[in-house]
Q: 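Attaching a single structure in structure tokens format; questions to follow.
Indexing begins at 1, ligand by ligand and atom by atom, following the structure's order. Only heavy atoms go into these numbers, but all of them, side chains included; no hydrogens, no water, no symmetry mates.
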Amino acid sequence: MSATWEQRVRRAAASSRVINLGGGLPSAVQFPRAALASSFFRVLGVSDGFALQYGWAEGQESLRALVARRLIARGARVTADDVIITNGAQDAISIATQLLLRRGQSIGVEATTYPAALDLFRERGLRPVSLGQGRACYVMTSLNNPAGTALDAEVRASLLARGVPIIEDDAYGDLTFDGKTAPLLLSAAPGRTYHVGTFSKTLCPGLRVGWLVVPRAYRKRAVTIKEANDLQANSLAQAVVSDYLRHADFEQRLDVLRRFYRRRAALMARAVRRELPSWRFRFPDGGFCLWIDTDARVSERRFSELALEEGASFDAGSAFTASPAQGPTRLRLCFSLAAPETFERGVRRLARAWARATRAARHVRR
Ligand SMILES: Cc1ncc(COP(=O)(O)O)c(C=O)c1O
């Protein structure tokens with residue numbers, strides 16, 4: 001994105017005139033503010049001040065144990081010692097990448113993948129390639145962002161057969177609408193899976209608490225990398241999350257979130273079917289967005305500009321692939337952040353922008 005274009009997008013996103021259907025942010029309505037506030041007061045009241053003190057690079061023991069318990073419930077054979085607390089999933093992906101790959105090497109990614117992981121790989125001088133290639137690979141087993149589907153069973157089997165190291169990003173694993181997920185690759189191939197998780201989607205991203213589990217032989221080195229990068233994850237945030245998990249019914253919260261986001265997905269799907277019947281999408285199995293195949297190829301930038309003029313924003317599809325796709329324009333529409341009462345209006349604005357963009361594209365082709 002050019003600097004001026006980025007400025008325009010940022011300004012538009014901040015404008016109350018624009019209905020923001022991009023970004024992939026969780027709903028602020030669901031942040032457990034009161035419970036987190038109680039946790040903050042409780043941990044700050046502890047006399048040794050541990051929540052405000054430096055801690056070990058691998059993270060607080062109590063939180064590591066809570067994360068391990070949840071992974072064990074999903075079939076992984078881990079202990080608290082296997083878990084490293086990170087500043088969100090992004091930090092965990094970054095450490096795994098530092099462990100596994102050097103500049104110039106390639107990493108296999110899914111046909112649609114998470115843009116900030118692509119940015120990270122490229123920033124590290126790595127070449128994102130298709131999943132069948134690469135010295136290591138990066139996948140979202142439970143739920144792909146943006147596609148909203150689990151990793152295909154055949155792809156999963158061939159990955160396991162290939163035997164390369166796997167960075168398994170499970171950022172949305174707790175947010176499949178039916179609460180079911182495919183078994184973790186961490187359980188199937190613990191000797192070469194670098195498992196990444198986060199509380200960003202299920203609690204709130206502002207605390208920046210995630211985790212990384214690496215094969216035991218690499219744990220020491222992973223902790224050394226964490227320490228070299230930034231010493232440790234934020235002590236206060238770790239203490240708050242740990243306290244919250246001990247006092248709240250987290251599993252019940254997940255049930256509420258799944259119902260909440262499923263309802264929003266249905267409302268967004270209905271708005272798109274009504275206003276843009278030529279657009280195609282598969283109803284997602286969970287997560288925050290619809291992944292859309294349109295019926296024409298137009299300039300993404302032009303379509304974004306027209307959408308902003310009409311008062312709506314979305315995520316351009318090209319950001320979600322390692323190599324630019326041919327064929328019709330694709331985009332990600334998020335139902336997680338905007339108020340559901342704005343969905344119809346927002347999609348109608350997109351429909352007007354789409355009509356203008358496709359008219360202009362046809363005009364240019366003639
Ligand atoms: C698939 C995926 N992985 C990782 C992240 C980063 O999460 P965190 O906020 O925990 O760094 C995101 C955030 O959108 C994501 O969608």
Q: Numbering the atoms of ligand 1 from 1, which are under 4.0 Å from a heavy atom of Arg208?
A: 8 (P), 9 (O), 11 (O)
Q: Report the nearest protein non-hydrogen atom to atom 6 (C) of ligand 1: residue, atom name, distance rounded to 0.1 Å.
A: Tyr114 OH, 3.3 Å
Q: In the protein, what heavy atom is nearest to atom 16 (O) of ligand 1, and what distance, to one decimal place, separates them?
A: Asn145 ND2, 2.9 Å
Q: Distance to 0.1 Å, residue and atom name: give those for the protein heavy atom nearest to atom 7 (O) of ligand 1.
A: Ala89 CB, 3.7 Å
Q: Strictly by modelled atom types, are Ser242 and Ser62 linked by a side-chain donor-acceptor pair under 3.5 Å?
A: yes
Q: Examine Phe288 together with Tyr172 and report whether their ring centres are nearer than 6.0 Å.
A: yes
Q: Kindly say whether the aromatic ring centers of Phe314 and Phe303 come within a distance under 6.0 Å.
A: yes
Q: For ligand 1, is there an N or O atom under 3.5 Å from any N or O atom of Asn87?
A: no
Q: So, the side chain of Thr113 versus the backbone of Val109: is there a donor-acceptor pair under 3.5 Å, distance only?
A: no
Q: When you check the side-chain N and O atoms of Asp169 and Tyr114, is any donor under 3.5 Å from an acceptor?
A: no
Q: Heavy-atom contacts with Met140 under 4.0 Å: which atoms of ligand 1 show up? List them by number with element.
A: 1 (C)
Q: How close does the nearest protein non-hydrogen atom get to atom 1 (C) of ligand 1, and which residue and atom is it?
A: Asp169 OD2, 3.4 Å
Q: When you look for heavy atoms under 4.0 Å from ligand 1, do you find them on the side chain of Phe199, its backbone, both, or neither?
A: neither
Q: Can you report which non-hydrogen protein atom sits closest to atom 13 (C) of ligand 1, along with the distance?
A: Lys201 NZ, 2.6 Å
Q: For Ser39 and Asp243, does a side-chain donor sit closer than 3.5 Å to a side-chain acceptor?
A: yes
Q: What are the atoms of ligand 1, with element, lying closer than 4.0 Å to any heavy atom of Thr198?
A: 8 (P), 10 (O)
Q: For the residue pair Asn20 and Ser313, confirm or rule out a side-chain donor-acceptor distance under 3.5 Å.
A: yes
Q: Using a 4.0 Å cutoff against the non-hydrogen atoms of Ala171, which atoms of ligand 1 qualify?
A: 1 (C), 2 (C), 3 (N)
Q: Can you list the ligand 1 atoms lying under 4.0 Å from a non-hydrogen atom of Gly88?
A: 10 (O), 11 (O)
Q: Check this for me, if you would: do Asp174 and Arg70 make a salt bridge, where the nitrogen-to-carboxylate-oxygen distance has to be below 4.0 angstrom?
A: yes
